[in-house]
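Have a look at the structure below, then the notes.
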Amino acid sequence: MAAATSAARCSGKGVALLLLLVLLAGTTDTSSAQLGTSFYSHSCPGVYDAVRSVLQAAIAREQRMGASILRLFFHDCFVQGCDASLLLDDTPSFRGEKMANPNNGSARGFEVIDAIKSAVEKVCPGVVSCADILAIAARDSVVILGGPSWDVKVGRRDSRTASFSGANNNIPPPTSGLANLTSLFAAQGLSQKDMVALSGAHTIGLARCTNFRAHVYNDTNIDGSFARTKQSVCPRTSGFGDNNLAPLDRQTPTVFENNYYKNLVCKKGLLHSDQELFNGGSTDAQVQSYVSSKGAFFADFVTGMIKMGDITPLTGSNGETRKNCRRIN
């Protein structure tokens, strides 16, 4: 019955005292510096409007930008936690994450974050971290493109460091199998269920030929006509057409809904890692549940995004609040 239903869908689309005082101060710092949704209620209540107005204009100019900002948040949180390390530019004495394999040539939207930071600084200078700006912008990107909303927990501080190796090793590559995907998400405290739901971010955005070439030419768990269509925009030979783009969700790449999962059931996932979620394994049933219920997907996606936003944040006196998101103060 499930197979028949799937087929039908496919045809559609702190001496002691001093130490004690220090320790007490540290304890107070820690307990009062956890993330919360009201962190800027008094210090910068206008942050949300400032973020949204700039982002709305950016997405109006290029709808793909919503997916790009959401992707920046994923790639930031998976390396050292959600600390805006990804936003740091390389310098002669500093190697950041932008040139790591998962980001080089594909991470984009940095200028939009710069514009948002500028707008926020005009409203409340030196108050809001770049890490929080990215978290808020990721949520707003989803909402603007038709997806669910949630109360973003804030209070993060910005990192003074970055990790090139972390970016290369922690972010799941598009060639990942289900076991590797599950393991890399588990390393961040995210369950397999979170992984499947968060993968639904691929219901928006585009991917480069270099990331889907092997899937459309070499894999067998792919619809033949779909593969041929993607081969037409992605030459078989590496070095040719590497930056040609195709939608991650073939029907509605600028609308946040559940078509991504419908495509997987039809063997029309663009990336190898996408199709691994529906390939006769432990996640098939979850994918099917999202095909049947956009509401279930939205609820689990929100849960996953909140959990991901909690990955090892810098709070209290740790880190800093950057004046410029691209460099430390």
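Just so it is clear, the structure is predicted and the values come from calculations on it, not from any experiment.
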When you measure from the side chain of [X] to the backbone N and O of [Y], does any donor-acceptor pair fall under 3.5 Å?
X	Y	answer
Ser289	Gln286	yes
Asn103	Glu97	yes
Gln231	Arg236	no
Thr229	Ser225	yes
Ser41	Ser38	yes
Asn263	Gly269	no
Asp249	Gly205	no
Asp284	Gly280	yes
Thr315	Gln34	no
Asp76	Asp83	yes

For residues [X] and [Y], is any side-chain donor paired with an opposing acceptor at under 3.5 Å?
X	Y	result
Arg208	Asn244	no
Arg160	Ser85	no
Ser165	Asn168	no
Asp274	His202	yes
Gln192	Ser282	yes
Ser68	Arg108	yes

Using the rule that Ile, Leu, Val, Met, Phe, Trp and Tyr join whenever any side-chain heavy atoms are under 4.5 Å apart, tell me whether [X] and [Y] fall into a single cluster.
X	Y	value
Val216	Leu264	no
Phe78	Phe164	no
Leu184	Ile311	no
Phe73	Phe298	yes
Leu248	Phe212	yes

Are any non-hydrogen side-chain atoms of [X] and [Y] less than 4.5 angstrom apart?
X	Y	answer
Thr321	Val128	no
Pro174	Ser273	yes
Ser159	Leu314	yes
Cys209	Phe240	no
Leu145	Ile59	yes
Asp132	Arg157	no

Minimal non-hydrogen separation, [X] against [Y], with atom names:
X	Y	answer
Ala50	Val120	CB-CG2, 3.9 Å
Asn259	Thr203	N-OG1, 4.0 Å
Asn258	Ser293	ND2-C, 4.3 Å
Gly109	Leu72	C-CD1, 4.1 Å
His272	Asp219	ND1-OD2, 2.7 Å
Val143	Pro148	CG2-O, 3.4 Å

* Asked: With under 30° as parallel and over 60° as perpendicular, where do the rings of Tyr261 and Phe297 fit, or are they tilted in between?
  ->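 Correct class here is perpendicular.
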If you draw a 6.0 Å radius around [atom1] in [X], do more than 12 non-hydrogen atoms from other residues or ligands fall strictly inside?
X	atom1	answer
Tyr217	OH	yes
Asp151	CG	no
Arg95	CZ	no

* First locate atom CG of Asn318, then atom CZ of Arg156, and finally report the distance between them rounded to the nearest 0.5 Å. =>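 Between Asn318 CG and Arg156 CZ, I get 14.5 Å after rounding to 0.5 Å.
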Salt-bridge contact [X]-[Y] (side-chain N to carboxylate O under 4.0 Å):
X	Y	answer
Asp89	Lys98	yes
Arg213	Asp242	yes
Asp114	Lys117	no

* To do: Report yes or no: is the cationic atom of Lys153 (NZ for Lys, CZ for Arg) under 6.0 Å from the centre of the six-membered ring of Phe39, at an angle within 45° of the ring normal?
  => no
* side-chain contact (heavy atoms from CB on, under 4.5 Å) partner of His75, chosen from Asn170, Leu86, Leu70 -> Leu86
* To do: Report the C-alpha distance between Lys267 and Asp223 in whole Å, list the side-chain angles of each, state the deciding distance to 0.1 Å, and finish with yes or no for salt bridge (charged side-chain N to carboxylate O under 4.0 Å, His left out).
  => CA-CA 5 Å; Lys267 295 188 177 182; Asp223 176 83; over 6 Å; no
* To do: List the steps and the verdict of side chain to side chain donor-acceptor pair (under 3.5 Å) for Glu276 and Ser176.
  => CA-CA 8 Å; Glu276 281 289 292; Ser176 295; over 6 Å; no
* Given the side-chain rings of Tyr40 and Tyr48, with only the six-membered ring counted for Trp, is the space between their centroids under 6.0 Å? -> no
* **Derivation and outcome, side chain to side chain donor-acceptor pair (under 3.5 Å), residues Ser191 and Asp194** => CA-CA 5 Å; Ser191 67; Asp194 297 324; 3.0 Å; yes
* Structure fact -> Excluding Leu88, membership of its hydrophobic cluster (Ile, Leu, Val, Met, Phe, Trp, Tyr; side-chain heavy atoms within less than 4.5 Å) reads Phe94, Ile328
* Begin from the C-alpha positions of Asp49 and Arg52 and carry the test salt bridge (charged side-chain N to carboxylate O under 4.0 Å, His left out) through to its verdict. => CA-CA 5 Å; Asp49 287 341; Arg52 189 178 304 109; 3.2 Å; yes
